[in-house]
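Scroll down for the structure; my scribbles are underneath it.
Just the heavy atoms: all of them, side chains too, but no hydrogens, waters or symmetry mates, feed the values below.
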Amino acid sequence: MAVSSAFVAAKLENLLIGSAATASVASASTPPVGLIGKPGTPGKRRASLNRRGYSGNLRCEAVADILGQLDSTNAASSSGLASSLSALEHLRNSAADRYTKEKSSIIVIGLSIHTAPVEMREKLAVPEAEWPRAIGELCNLNHIEEAAVLSTCNRMEIYVLALSRHRGIKEVTEWMSKISGIPVSEICKHRFLLFDKDATQHIFEVSSGLDSLVLGEGQILAQVKQVVKVGQGVVGFGRNISGLFKHAITVGKRVRTETNIAAGAVSVSSAAVELALMKLPESSHATSRILVIGAGKMGKLVIKHLAAKGCTKMVVVNRSEEKVAAIREEIKDVEIVYKPLNEMLDCAAEADVIFTSTASEVPLFVKEHVVDLPSVGANVGGLRLFIDISVPRNVGACVNEHEGSRVYNVDDLKEVVAANKEDRLRKAMEAQEIITEESKQFEAWRDSLETVPTIKKLRAYAEKIRAAEVEKCLSKMGDEVPKKSQKAVDDLSRGIVNKLLHGPMQHLRCDGSDSRTLSETLENMYALNRMFNLETEISVMEQKIRAKVEQTQK
């Protein structure tokens with residue numbers, strides 16, 4: 001596309017000026033965002049939202065018309081170039097500045113066990129099977145380029161690469177409200193927001209088990225791995241976000257290998273077992289009748305921890321017997337009785353303690369289900385215990401209204417881990433050193449990506465010259481030149497260009513592991529942009545806007 005940067009600037013300037021009124025209306029309806037951060041996490045620096053002026057409403061739909069004009073217009077004449085330079089300068093200092101001079105921001109918009117009650121988290125929960133759909137919906141938002149969803153029993157976090165912080169946060173929060181039915185104002189009260197370096201550190205802490213209710217628990221690392229597995233091939237799970245999660249897996253493994261944070265660490269499932277034992281009279285630990293509903297990953301861990309605590313018999317209710325049979329083969333010394341789901345209430349009538357861990361999106365037990373159940377014996381305290389570690393919850397809070405029943409959910413597990421919290425915090429300090437080091441490496445890698453547009457533009461610039469010179473040469477040689485000779489000339493020109501570009505290309509590439517090398521690489525990038533007038537800044541903006549326009553038109 002032979003369009004000068006000055007012409008692009010002038011066109012975009014007109015667009016920005018024309019949409020200023022729209023922007024003022026939009027900003028008036030947008031609630032102000034003040035200091036934001038992640039409550040409940042010791043030592044976490046609270047990030048504040050960048051409030052630099054935004055005078056224009058750069059809507060992708062409007063830009064589509066401008067880009068269409070750019071594609072069909074020849075380069076601006078040299079006589080008008082001088083007068084257009086001021087327009088380019090205006091563009092660089094205008095609202096579009098966030099698109100041309102700043103790389104997109106990685107943002108985390110989330111609610112966790114530290115900031116939001118289980119009642120809210122369960123409404124926002126996104127089942128794993130729906131993660132690709134959620135990524136697609138998020139990337140269809142005007143200011144979101146890439147996305148990922150991390151939804152577990154303890155957290156619901158959205159990771160995005162956003163063209164604009166403020167507008168990206170607004171769009172994602174409105175999307176969360178739409179899928180959950182929770183008002184935006186209510187989500188804003190409980191959400192936490194983290195940007196770039198803070199977002200990187202957060203996911204590294206999550207994968208290392210530092211942000212879990214049970215410090216050092218290992219299941220979260222498996223869940224982070226699942227995000228990458230599910231995201232493979234999904235449009236929108238792009239280079240920045242996928243790179244972030246892959247690096248988080250590396251960090252989680254390294255922390256567990258090089259520190260003892262996982263030594264003796266308990267999972268949510270083991271904490272649930274500990275909680276049940278805390279609530280039962282000690283004399284009944286060996287004789288209590290145990291029912292486990294759900295034989296998935298969490299249910300299997302519950303069964304294993306029950307066996308480790310000396311439980312010799314339990315009933316497991318599951319949709320099919322296959323998983324229960326596999327667990328029975330693995331745990332030989334425990335009598336595991338399988339029952340189908342339609343016998344769940346009959347099994348509950350004969351149980352003292354009921355663990356639930358299924359993916360059901362509706363409660364399995366409400367007050368009406370338990371009022372007719374026979375009372376449990378005084379030897380177990382006279383209360384039937386429901387230990388619910390599912391999100392959404394499997395046991396309704398209304399069950400607590402029945403005098404013979406007590407319900408505990410994942411938020412109640414804090415009582416279990418409070419005793420050894422001090423010891424685990426000491427271990428966490430070792431892990432933080434690794435996380436700080438890895439965070440710097442990831443940020444350096446992201447910075448190194450800035451050179452990619454320059455590499456592409458430089459190669460395209462050289463290729464354009466090469467192709468023109470080859471065509472000129474062949475035309476002088478006449479029409480009788482054999483194809484073999486034509487190919488030889490073409491190959492010769494390609495070889496010369498590749499050899500000439502080899503040095504500059506090498507100096508535009510780095511792995512991000514050395515900050516000195518990275519600094520030199522970025523200096524080389526700026527120098528090449530100036531020497532060859534590559535117009536990379538405008539090119540990057542055009543590419544981003546084009547991508548959003550194409551996405552919205554599909």
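E137 places a side-chain heavy atom less than 4.5 Å from the side chain of W175. Counting heavy atoms from C-beta on, the side chains of E438 and I435 never come closer than 4.5 Å. Side-chain atoms of L244 and F442, non-hydrogen and from C-beta on, do get closer than 4.5 Å to each other. Contact check for R384 versus I354: side-chain heavy atoms found under the 4.5 Å cut-off. Here the side chains of R167 and N142 are not in contact, with every heavy-atom distance at 4.5 Å or above. Side-chain atoms of I303 and I336, non-hydrogen and from C-beta on, do get closer than 4.5 Å to each other. Two residues are said to be in side-chain contact when any heavy atoms from C-beta on lie closer than 4.5 Å; L306 and V292 meet this criterion. Counting heavy atoms from C-beta on, the side chains of V353 and L280 come closer than 4.5 Å.
Among all heavy-atom pairs drawn from S390 and T358, the shortest one is OG-N, 3.1 Å. Of all non-hydrogen atoms in Q219 and L301, the two that sit nearest each other are OE1-CD1, 4.0 Å. A pairwise comparison of heavy atoms in S164 and H143 identifies CB-CD2, 3.9 Å as the closest pair. Nearest approach of A148 to I241, heavy atoms of both residues: CB-CG2, 3.5 Å. When all heavy atoms are compared, the tightest approach of C153 to I389 is CB-O, 4.2 Å. Considering all non-hydrogen atoms of both residues, I290 and C311 come closest at CG1-SG, 4.1 Å.
We find the CD1-CG distance between I113 and D411 to be 4.5 Å, quoted to the nearest 0.5 Å. Atom-to-atom distance recorded for I135:CD1 and E130:CD is 12.5 Å, nearest 0.5 angstrom. Atom-to-atom distance recorded for M156:CE and E122:CD is 13.5 Å, nearest 0.5 angstrom. From L163, atom CG reaches atom CD1 of I144 across 8.0 Å, with rounding to the nearest 0.5 Å. Here the straight-line distance linking atom CD of E171 with atom CG of N140 works out to 11.0 Å at 0.5 Å rounding. Residue S208 holds its OG atom at 11.5 Å from CD1 of I249, rounded to the nearest 0.5 Å.
Summarising the local packing, NZ of K297 is surrounded by 12 or fewer heavy atoms from other residues, nucleotides or ligands at distances under 6.0 Å. Within a 6.0 Å radius of CZ in R319, other residues, nucleotides and ligands contribute 12 heavy atoms or fewer. Atom CD of Q232 is surrounded by more than 12 heavy atoms from other residues, nucleotides or ligands within 6.0 Å.
Remark: the backbone N or O of M298 is paired with a side-chain donor or acceptor of S269 at under 3.5 angstrom. In this structure a side-chain-to-backbone donor-acceptor pair under 3.5 Å is missing from T259 to R256. When atom types are taken as modelled, the side chain of T115 and the backbone of R191 share no donor-acceptor pair closer than 3.5 angstrom. W131 contributes a side-chain N or O that, together with a main-chain N or O of V126, makes up a donor-acceptor pair within less than 3.5 Å. Within the 3.5 Å criterion, the main-chain N or O of P392 finds no donor-acceptor partner in the side chain of E361. Under the 3.5 Å distance criterion, the side-chain polar atoms of N394 are left unmatched by any main-chain donor or acceptor of L364. A distance-only check finds no donor-acceptor pair linking the side chain of S288 to the backbone of H285 [under 3.5 Å].
The existence of a salt bridge linking E119 and R393 is confirmed by a sub-4.0 Å separation between a basic side-chain nitrogen and an acidic carboxylate oxygen. Between E186 and K189 a salt bridge is recorded (basic side-chain N to carboxylate O distance below 4.0 Å).
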Side chains of residues 177-185: which donor-acceptor partners sit under 3.5 Å, not counting sequence neighbours?
residue: S177; atom: OG; partner: I182; partner atom: O; Å: 2.6
residue: S180; atom: OG; partner: M176; partner atom: O; Å: 2.7
residue: S180; atom: OG; partner: I182; partner atom: N; Å: 3.2

Point to revise | Audit row: I293, L291, side chain to side chain contact (heavy atoms under 4.5 Å, CB included) steps and yes/no | key: CA-CA 7 Å; I293 301 175; L291 171 63; 4.0 Å; yes
Check your understanding: When you look at E128 and Q226, which way does the side chain to side chain contact (heavy atoms under 4.5 Å, CB included) test go after all the steps?
Key -> CA-CA 9 Å; E128 182 181 309; Q226 198 63 19; 2.8 Å; yes
Exercise for review: For side chain to side chain contact (heavy atoms under 4.5 Å, CB included), just list the numbers for L275 and L413, CA-CA rounded to whole Å, side-chain angles, deciding distance to a tenth of an Å, and then say yes or no.
Suggested key: CA-CA 7 Å; L275 179 64; L413 300 182; 3.8 Å; yes
Exercise for review: Please lay out, stage by stage, how K197 and K440 fare under the test side chain to side chain contact (heavy atoms under 4.5 Å, CB included).
Suggested key: CA-CA 8 Å; K197 293 180 181 179; K440 289 179 180 177; over 6 Å; no
Exercise for review: Show the numbers, then the answer: is there a salt bridge (Lys or Arg N to Asp or Glu O under 4.0 Å) between E146 and R239?
Suggested key: CA-CA 8 Å; E146 301 176 15; R239 176 168 53 183; over 6 Å; no
Review point. Can you check salt bridge (Lys or Arg N to Asp or Glu O under 4.0 Å) on E274 and K279, steps first, answer last?
Key: CA-CA 9 Å; E274 291 287 347; K279 301 303 178 183; over 6 Å; no
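Remark: aromatic rings of F192 and H114 are distant, center separation not under 6.0 Å. For F386 and F365, the ring centers sit closer than 6.0 Å to each other.
There is a side-chain donor-acceptor pair under 3.5 Å between E145 and S104. Inspection of the D388 and T356 side chains reveals an N or O donor paired with an N or O acceptor under 3.5 Å.
For the pair R165 and F195, the cation sits on the ring face: its NZ or CZ lies under 6.0 Å from the ring centre, inside 45° of the axis.
Among residue pairs with one or both ends in residues 152-162, those qualifying as side chain to side chain donor-acceptor pair (under 3.5 Å) are R155-E157, R155-D211, E157-Y159, E157-H202; sequence neighbours excluded.
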